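To keep things clear, I will list the structure first and then write my remarks on it.
Note that the structure is predicted; figures quoted are calculated from it, not measured. Letters go in sequence order (proteins before strands), and every chain restarts at 1.
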Amino acid sequence: MNLLAELRSRLRQALVSFTDSPESFVEMLKPTTDSKFGDFQANCAMPLAKQHKQPPRDLALALIAKLDVADLCDPPEIAGPGFINLRVKTDRLATETALLCRDERLGVTAVSRPRTYIVDFSSPNVAKPMHVGHLRSTVIGHALYRVLKFLGHNVLSDNHVGDWGTQFGMIIYGFKNFRDQAAYDQAPVAELARLYRLVNQLSDYHEQVANLPKLQQQIPVLEQAATAAQRLAAATPADKDAARHARRADQDLVAGRDAITSAEKKITEVQSRPELKALAEAHPQIAELARRETAKLHAGDVENKRLWDEFVPQCLAALETVYQRFGVKFDMTLGESWYNPMLAGIVDELKQKHLAVESAGATCVFIEGNDAPFIVQKADGAYTYATTDLATIRHRIETLHADASLYVVDSRQGEHFQLLFATARKMGYDQAEFRHVSFGTVLGDDRRPFKTRSGDTVGLESLLDEAIQNARKIVDENSGHLSDEERGRVAELVGIGAIIYVDLHHNRDSDYVFSWEKMLATNGDTATYIQYAYARVCGILRKGEVDVAALRLSDAPLLLNSPAERVLALQLNAFSQAVADVAVDYRPNLLTQYLFETANVFARFYDQCTVLKEPDSDIRTSRLLLCDATARVLKQGLELLGIGVTEQM
RNA sequence: GUCUCCGUAGCUCAAUUGGAUAGAGCGUCGGCCUCCGAAGCCGAAGGUUGCAAGUUCGACUCUUGCCGGGGACACCA
């Protein structure tokens with residue numbers, strides 16, 4: 001039984017004589033913030049009292065009189081301004097826990113009305129190797145996918161890869177002009193990645209060379225503006241606008257100088273290397289030519305399409321190896337190219353419905369309240385990712401019959417999704433839920449957003465390798481009892497688990513600072529801590545040669561005589577709620593938090609209650625039941641997050 | 001200029017969406033292995049939640065203003 005849900009349901013019944021809309025008050029029943037207040041607290045008496053113009057404690061008293069929880073709780077107590085504190089009867093907790101220990105799904109009941117969810121995550125550009133910037137989408141999306149599925153929903157994961165954009169023009173251009181055939185034969189994807197970087201760098205070089213004079217000319221202007229603004233601000237100290245302008249002008253000047261430094265750096269990088277310089281000089285129009293290759297591909301050029309057909313499967317296969325290491329599987333990988341045939345139809349429909357209009361040569365949808373247009377066709381006739389995303393929505397709703405579509409994408413794309421969803425609703429797709437499950441940026445040590453262009457980005461593969469290597473060192477120090485092969489397997493679980501956990505345990509809205517130290521940590525609030533707790537429970541069951549199947553089949557009672565046992569039992573009963581909470585607002589960190597607490601509560605239990613050495617056989621059996629259930633909760637919970645466990649480490 | 005997000009312990013982050021004394025981890029200091037796995041447990045120090053007003057029984061959370069920072073803003077996805 002989900003105790004919280006049950007108590008809320010009881011409260012709902014009690015509330016009918018106090019309010020017509022009990023739901024918001026029902027949700028004010030929560031686990032206590034401090035165990036001295038009992039197990040659950042209802043905070044609804046205060047706001048209700050206000051509605052009824054009564055003293056809150058009086059209202060709390062009246063509410064308690066209507067609240068039928070005698071079978072579940074000790075008599076409710078009123079505390080402070082009108083908090084109602086509930087403490088679950090220990091014998092009732094014991095019988096509930098006994099049931100939980102026998103339940104295959106650990107108290108998590110499947111939803112009564114399953115929905116069809118599409119979870120859209122990871123979605124890298126197939127032309128470039130994945131880097132740490134792709135971590136969050138992949139890891140968060142995968143966790144949500146597994147949680148929703150476990151809750152009984154019908155869930156499809158979709159990797160909406162970028163396989164049709166300008167980057168392929170660059171690769172094709174690079175392939176035609178710069179390829180190292182031997183390198184390509186040996187490691188095609190690496191060679192393609194090199195070609196992409198090369199073409200990108202050369203295009204960038206010419207752009208910077210062209211831009212630099214303009215940037216330099218601007219400096220005196222900016223300097224003048226800054227001094228003038230400062231003078232004005234100094235002359236009128238009370239004028240806040242003047243002060244703000246002065247600061248702004250200062251910032252603009254700094255930004256202008258930074259732009260020059262950055263441009264100069266890019267230019268010298270090419271010029272300082274003769275072979276690069278020669279290539280740059282030989283290909284002055286490279287950016288335009290690469291764009292033309294893209295256009296030819298889109299127009300159906302035979303040669304470019306042949307190259308594309310050759311490249312894409314190899315790129316996808318390379319991505320697949322990374323996903324395998326993370327244990328991620330997609331139900332579909334429908335990239336941009338897949339929607340290509342539908343794009344013209346989308347634009348036609350938008351025009352027909354008078355949703356799209358022409359503006360400056362481009363076809364745009366304007367959403368009231370937004371200055372920026374939603375461009376569905378560029379002036380040159382090319383479609384954009386806006387068009388693709390609309391086609392994707394149509395497919396998901398008309399063919400896949402999705403009730404909800406989750407886009408696990410960087411928060412920087414918030415405006416795009418706002419416009420996308422608004423446009424989709426105008427097109428008539430207004431029944432389904434569209435949700436941008438946004439997440440914050442991964443920052444560098446300098447607290448600045450991780451830049452992909454800088455060249456210093458950490459590849460996802462090397463991140464994994466490093467984590468596993470580091471874990472291996474720690475495993476070697478700690479696990480003399482394991483064979484070489486077993487240690488390798490454990491190091492992989494620990495290393496990859498650490499990475500996944502670091503990402504998931506942050507609130508997804510927050511930015512977080514990438515740090516090797518934290519990525520590799522195996523103590524504290526980490527996956528390793530929980531995996532270790534799991535291994536310790538398994539150690540008990542193994543040493544005791546416990547037949548867990550028989551144990552679960554037995555009708556042995558749960559005995560909760562010591563505080564540590566009671567706390568553990570309560571914690572295990574909260575599993576179903578923790579899983580459900582993740583799905584409410586798509587927040588996996590609620591589950592990492594729960595699992596860390598569970599492991600922590602178990603560690604205290606482990607410290608305070610002997611199991612195998614317990615002389616009283618009833619108590620021993622009861623504790624073994626708790627151990628078994630703890631192991632299963634930890635394992636199930638970590639697996640929902642995409643993290644594996646091992647019985648020995 | 002418009003829009004948007006953020007500011008919490010030395011560091012990295014939470015805070016059940018308005019609840020009781022703001023919590024974890026790391027780091028620091030101090031205890032605990034003749035006892036089921038010490039990758040562990042227990043304890044201590046560490047805070048004017050950027051600043052100022054307001055809303056109310058009650059504010060990290062909501063409102064306004066200010067300070068500081070990130071990000072997005074017409075043809076890249």
Side-chain angles (χ1 to χ4, degrees), chain A residues 4 27-28 30-34 36-37 41 43 46-47 49-50 55-56 79-83 85 123 125 162 164-167 240 248 336 359-364 369-380 382 384-386 388-389 410-416 418 438 440-441 443 447-449 474-475 477-479 481 494 502 505-507 509-513 515 517-518 521-526 528-529 531-533 535-544 577-578 581 584-585 587 589-590 593 596-597 599-600 603-604 606-614 627 648-649:
Chain A
L4 180 63
E27 281 168 20
M28 297 172 97
K30 303 166 180 187
T32 49
T33 48
D34 189 321
K36 77 179 176 204
F37 300 130
Q41 59 183 57
N43 305 334
M46 285 86 81
K50 194 174 187 179
F83 294 101
N85 293 336
S123 307
N125 196 320
W164 198 242
T166 44
Q167 75 279 8
K240 284 184 179 168
R248 187 62 177 269
E336 294 169 330
S359 169
T363 309
C364 312
N370 291 80
D371 289 346
F374 194 55
I375 298 178
V376 292
Q377 190 169 18
K378 301 193 286 187
D380 65 4
T384 70
Y385 76 137
T388 313
D389 282 352
D410 196 305
S411 63
R412 284 176 287 195
Q413 303 217 25
E415 274 101 339
H416 167 72
Q418 213 181 311
S438 69
T441 312
L443 305 172
R447 293 205 120 270
R448 311 223 51 174
I474 295 164
V475 171
E477 281 166 24
N478 289 285
S479 304
H481 55 289
V494 168
V502 163
H505 102 281
H506 291 95
N507 183 324
D509 287 322
S510 316
D511 296 346
Y512 77 85
V513 176
S515 112
E517 197 190 332
K518 280 181 76 172
T522 58
N523 60 352
D525 186 356
T526 61
T528 314
Y529 176 85
Q531 288 167 325
Y532 179 68
R536 287 210 292 177
V537 196
C538 291
I540 294 175
L541 298 173
R542 188 175 54 248
K543 278 204 180 133
Q577 188 62 41
D581 284 343
V584 171
D585 200 28
R587 297 193 177 277
N589 67 312
L590 297 178
Q593 213 171 310
F596 178 64
E597 273 165 26
N600 190 236
R604 284 202 287 269
Y606 185 91
D607 212 49
Q608 290 165 27
C609 303
T610 55
V611 180
L612 296 177
K613 287 172 187 161
E614 170 57 45
C627 286
Q648 289 190 66
M649 59 189 276

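Residue side chain Phe596(A) fails the stacking definition with respect to rA24(B), as its ring centre and the base's six-membered ring centre are not both under 5.5 angstrom apart and under 30 degrees in plane angle. For rG19(B), the base is not stacked against the aromatic ring of Phe83(A), per a cut-off of 5.5 Å between centres and 30° between planes.
One can place NE2 of His416(A) at 19 Å from P of rU4(B), the figure rounded to the nearest angstrom. For the pair Asp34(A) CG and rU16(B) P, the interatomic distance rounds to 16 Å; values are reported in whole Å. Rounded to whole Å, atom P of rG58(B) lies 18 Å from atom CD of Gln41(A). Residue Asp380(A) contributes atom CG, which lies 16 Å from atom P of rA74(B) at whole-angstrom precision. Rounded to an integer number of Å, the gap from CZ of Phe37(A) to C1' of rU21(B) is 8 Å. Between the P atom of rC76(B) and the CH2 atom of Trp164(A) lies a distance of 17 Å, rounded to the nearest Å. The interatomic distance linking Gln577(A) (CD) with rU16(B) (P) rounds to 14 Å, in whole Å. Rounded to whole Å, the distance from CG on Asp511(A) to C1' on rC13(B) is 12 Å.
For Thr33(A) and rA20(B), the shortest distance from a side-chain N or O to OP1 or OP2 is below 4.0 Å. Put simply, Asn507(A) has a side-chain N or O that comes within less than 4.0 Å of OP1 or OP2 on rA15(B). The phosphate of rU17(B) has OP1 or OP2 within less than 4.0 Å of a side-chain N or O from Lys30(A). Listed pair Thr441(A) / rG70(B) fails the phosphate criterion, with no side-chain N or O lying under 4.0 Å from OP1 or OP2. At rU4(B), none of the side-chain N or O atoms of Arg412(A) fall inside 4.0 Å of OP1 or OP2 (strictly under the cut-off).
Of the candidates rC57(B), rA20(B), rA74(B), the closest approach to any side-chain atom of Met46(A) belongs to rC57(B). Taking every side-chain heavy atom of Ser359(A) into account, rA74(B) is the closest of rU17(B), rA74(B), rC13(B). Nearest nucleotide to the side chain of Asp525(A), out of rA24(B), rC36(B), rC13(B): rA24(B).
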Within the sub-3.5 Å range, which N or O atoms of nucleotides 32-35 of chain B have a protein N or O partner, and how far apart are they?
{"residue": "rC35(B)", "atom": "O3'", "partner": "Lys613(A)", "partner atom": "NZ", "Å": "2.9"}
{"residue": "rC35(B)", "atom": "O2'", "partner": "Lys613(A)", "partner atom": "NZ", "Å": "3.0"}

Considering only nitrogen or oxygen atoms on both sides, find all protein atoms under 3.5 Å from nucleotides 8-11 of chain B and state each distance.
none

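The number of heavy atoms from other shown groups lying within 6.0 Å of CG (Asp34(A)) is above 12.
Under the 3.5 Å distance criterion, the side-chain polar atoms of Asp585(A) are left unmatched by any main-chain donor or acceptor of Arg587(A). Although no hydrogens or angles enter the test, the distance criterion places a donor-acceptor pair under 3.5 Å between the side chain of Thr526(A) and the main chain of Tyr529(A). Formation of a donor-acceptor pair under 3.5 Å by the Thr32(A) side chain with backbone atoms of Phe37(A) is not found in this model. A distance-only check finds a donor-acceptor pair linking the side chain of His481(A) to the backbone of Met649(A) [under 3.5 Å].
Ser359(A) and Cys364(A) make their closest contact through CB-SG, 4.1 Å (heavy atoms, listed as atom of the first residue, atom of the second, distance). Scanning all heavy atoms of the two residues, the minimum distance from Gln41(A) to Pro31(A) falls at CG-O, 4.1 Å. Nearest heavy atoms, Ile540(A) versus Leu612(A): O-CD1, 3.6 Å. Nearest heavy-atom pair, Gly80(A) versus Phe83(A), reported as atom, atom and distance to 0.1 Å: CA-CD1, 4.5 Å. The shortest non-hydrogen separation linking Ser411(A) to Gly440(A) is OG-CA, 4.2 Å. In plain terms, the two heavy atoms of Asn507(A) and Asn589(A) that are nearest each other are CA-ND2, 3.8 Å.
Nucleotides rU4(B) and rC51(B) have their P atoms positioned 24 Å apart, rounded to a whole Å.
Relative ring orientation between Tyr512(A) and His506(A) is described as parallel, the plane-to-plane angle staying below 30° on a 0-90° scale split at 30° and 60°.
Residues passing the side chain to side chain donor-acceptor pair (under 3.5 Å) test with Arg536(A), sequence neighbours excluded: none. The side chain to side chain donor-acceptor pair (under 3.5 Å) search around Asn85(A) returns none, not counting sequence neighbours.
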Give the intermediate values and the outcome of ring pair (Phe, Tyr, Trp, His ring centres under 6.0 Å) for residues Phe596(A) and His505(A).
CA-CA 10 Å; Phe596(A) 178 64; His505(A) 102 281; 8.9 Å; no
Go through the steps for Thr522(A) and Val494(A) under the test side-chain contact (heavy atoms from CB on, under 4.5 Å), then give the verdict.
CA-CA 8 Å; Thr522(A) 58; Val494(A) 168; 4.0 Å; yes
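The residue among His506(A) and Gln413(A) whose nearest nucleotide of RNA chain B lies closer to the 5′ end is His506(A). Of the residues near RNA chain B, Asp509(A) and Leu590(A), the one whose nearest nucleotide (by heavy atom distance) lies more toward the 5' end is Asp509(A).
Classification of rC33(B) as syn follows from a glycosidic angle within 90° of 0. Classification of rU17(B) as syn follows from a glycosidic angle within 90° of 0.
Heavy atoms of Cys627(A) sit nowhere under 4.0 angstrom from any nucleic acid atom. Contact annotation for Pro56(A): no contact, since no heavy-atom pair falls under 4.0 Å across all strands.
Stems are defined here as 3 or more consecutive Watson-Crick or G-U wobble pairs with pairing distances under 3.5 Å; those involving RNA chain B are B:1-7 with B:67-73, B:10-13 with B:23-26, B:28-32 with B:40-44, B:50-54 with B:62-66.
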Quick one: what's the B/S/- string for nucleotides 38-48 of chain B, heavy-atom cutoff under 4.0 Å, read 5' to 3'?
SBSSS------
